[in-house]
Amino acid sequence: MDAILLQEIEFTKEEVLLGLQQYEKETYFQIQDIIYYPYYFFEYQVSAKSLLKFKGKAACTIDGLGGRGAMVDVRPSFSRKKVEVGRFPELVIEEEEAITMAERFIFDNASSKAKFVTMPKITEVQRNLFYRPFWITDFKLDNKKSGQLIVDAISGSYHPL
Amino acid sequence: MSMDGVIFIIYLGILLTIGLWFSRRSSASTEQYLLGGRSLGPAVTAMTMQTTAMSGFMFMGAPAMAFKYGWYAIWYAIGDAGGSIINLSVLGKRMRRMSELLGALSPIEYLEKRFESPSVRVVGSIISIVFLFGYVCAQFIAAGKAMSALTGFTYELSLLIGISVIIIYTVAGGYLAVAYTSFVQGLIMVLGVVGIGVLAYFHIGGLTGLNVALKAVDPTYLSIWGKDLAYYGQWGMVLGAILIYSIGYMGLPHVVVRHMSMKSTKTVKGAVIISALWNQFFIFVPYILGMIGIILLPTIADPEMIITELAYTLFPGIFAALLLSAIMSAVMSTADSILMQAGSILSRDVYQRFINKDASPKTMILVSRLCILLGGVVGVVVAIYEPPSVFALVLFAFGTLGNAFLVPYVASVYSRKANYIGCLCAMIGGATTNIIWTSMGLETSTGLHPFLAGLLVSLLGMLIGSRFGRKPSDEILTAFEQSRKKRVFSKEFDRNITRDLAPEANNVSKFLADNK
């Protein structure tokens, strides 16, 4: 496989298991796999006519499988690597489609949050397709029920499947 | 211009300077993104949320209600305080699961997806807009009164000056500017109102002193049925008073914007908790001050000005003016945000959807701003020519919302049969009944609170309407069954699940199922 742009794992297998076990002492957790989830990253320069200065950068991601937008808080660091282990879902949203979605998303968010009278000027300064690692975790409850969770290897947040 | 007016102008100047300073600072930083929202700490976030919640109703409507009815008014405060709890505990879990499954971002979008009909979204949006404009009009009236007290100008002139000044200030301010100035305002208001509360409370001899004094004026002030026992034995009125706020919140058309953390940072859940706890305490203070007003200010011409009058009675003039300036700006800032919300609903859900599907962002912002302008003008005209009381207006707005949305929300997670016809009948029937009941004053002849009457009609609408039209699809029925499943994890583990990850979880599930 070619080298891809990705976010480096911040929560290791051991840290994830420790974190989950902290809340669910009676449940058995086991990391089963790692999945690299595709996202498009867009960075924009936003400026608007305003009495107070409104000029700065804003960024968002577009989910490469579902097309949903999310605002980004701080400048991310990506690295280009060849990945040997892990699974890669196939991209559903094409780049052109993602560009339109991102522009609309950032525009809506900027115009609702920042309250300017005229249309803000949005200029794209960076665009990347990157992969974010999620741990696929099996769990078995003490009543024998079992299932799976995804755990974000960057933020440590989780959601059952 | 009076000294108080000068203080107000200086106050606005300071707020603008704070805004300007933070705006410059924010654009210099490239590490943190402008709209990402993480650069605000939990304290600023909590106070900003609080300032948005503090509206003209809290400072003017609630004390006036308590001044009129005595302890009966507390029913409304109980409903208000318990509102979020009811939302979270009764409907919360099932609705949250269901909206995750349906991928809805706002309460109205949720109804549209659950009942599988765009008409549900349109009717829901229109009802929300009626509420938003009613609410914004109440803010205008409150602002006009506060400005008039500050400057000594007539109410009409004060209203126009107040609206112009504050709209320039808020519309011109960037995101961080608004957030940080809200923080300063929030701090002044919280300290001011708590200060007035504490001073007045001890001045009157605590709750016992208050009750003894109220009894001496009129013993029926102490009754839970209202002054002169106006609602004696009318549980329908009491229930309506409690429910109106508990449920009205569910109809608010807010949209949740998803955030993605790019580093492993701790979430700002603390802010929500601080804000919720503070609300529980703060809700009761204006009502108690209203009752203190019965004793300390028995001849006040306008009971909606009780907090202002108490501020001037108990504090030196300069502090009272400062507090009033903060109230005034917060009220207008709330009004401005609501107008922005109404404008974007109209442009997105009505204009883009039905009139011009391919509207460019430029057209959208133009339509949205025109709607705001129109709404603002109508609001000002109503506020000048037919000014109802702030309390009556807010009560009416919340009543309409609650009646339109309570039954559809409950039915969406508790009834398999509930469909879009039922939902439309419930929304239209409930809201219309409330409007008719309120405008014709039917509560006195029937003993039924407008909210309760609306609720009954809405329920009937859902039951009868759901017998007609197409049935919920298999997809919805599956989501319905899934949302009823019991929690499998411990409470703590469940609470920490990141709901924002629901779309990713769904996509990963599909991927794993397809690649087994």
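Letters A, B, ... mirror the listed sequences (proteins, then strands); counts begin at 1.
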S.K.: Among all residues two or more places apart in sequence or in another chain, which pass the ring pair (Phe, Tyr, Trp, His ring centres under 6.0 Å) test with A/Phe139?
M.R.: B/Phe489

S.K.: Of the backbone (N, CA, C, O) and the side chain (C-beta and beyond), which part of A/Tyr158 lies under 4.5 Å from a heavy atom of chain B, both, or neither?
M.R.: both

S.K.: Under the side chain to side chain contact (heavy atoms under 4.5 Å, CB included) criterion, do A/Gln148 and B/Leu512 qualify, and how do the steps go?
M.R.: CA-CA 11 Å; A/Gln148 284 185 313; B/Leu512 294 176; 3.7 Å; yes

S.K.: What distance do B/Phe511 atom CZ and A/Glu90 atom CD have between them, rounded to the nearest 0.5 Å?
M.R.: 9.5 Å

S.K.: Which atoms of A/Gln22 come close to chain B, meaning under 4.5 Å heavy atom to heavy atom: side chain ones, backbone ones, both, or neither?
M.R.: neither

S.K.: What pair of heavy atoms forms the shortest contact from B/Ala505 to A/Leu161, and how long is it?
M.R.: O-CD2, 3.3 Å

S.K.: Distance from B/Asp500 atom CG to A/Ser155 atom OG, nearest 0.5 Å?
M.R.: 10.0 Å

S.K.: By a 4.5 Å heavy-atom criterion (distance strictly below it), what part of A/Leu65 contacts chain B: side chain, backbone, both, or neither?
M.R.: both

S.K.: Could you tell me whether A/Gln32 atom CD has more than 12 heavy atoms of other residues or ligands within 6.0 Å of it?
M.R.: yes

S.K.: Does the side chain of A/Pro89 come within less than 4.5 Å of B/Asn507's, by heavy atoms?
M.R.: no

S.K.: Flag the one option from A/Val92, A/Thr27, A/Leu20 with the top tally of heavy-atom pairs under 4.5 Å to chain B.
M.R.: A/Leu20

S.K.: With side chain to side chain contact (heavy atoms under 4.5 Å, CB included) as the test, would you mind laying out the steps for B/Val508 and A/Phe134 before giving the verdict?
M.R.: CA-CA 10 Å; B/Val508 171; A/Phe134 284 90; 5.9 Å; no

S.K.: Residues two or more places apart in sequence or in another chain: which of them pass side chain to side chain donor-acceptor pair (under 3.5 Å) with B/Glu481?
M.R.: B/Arg416

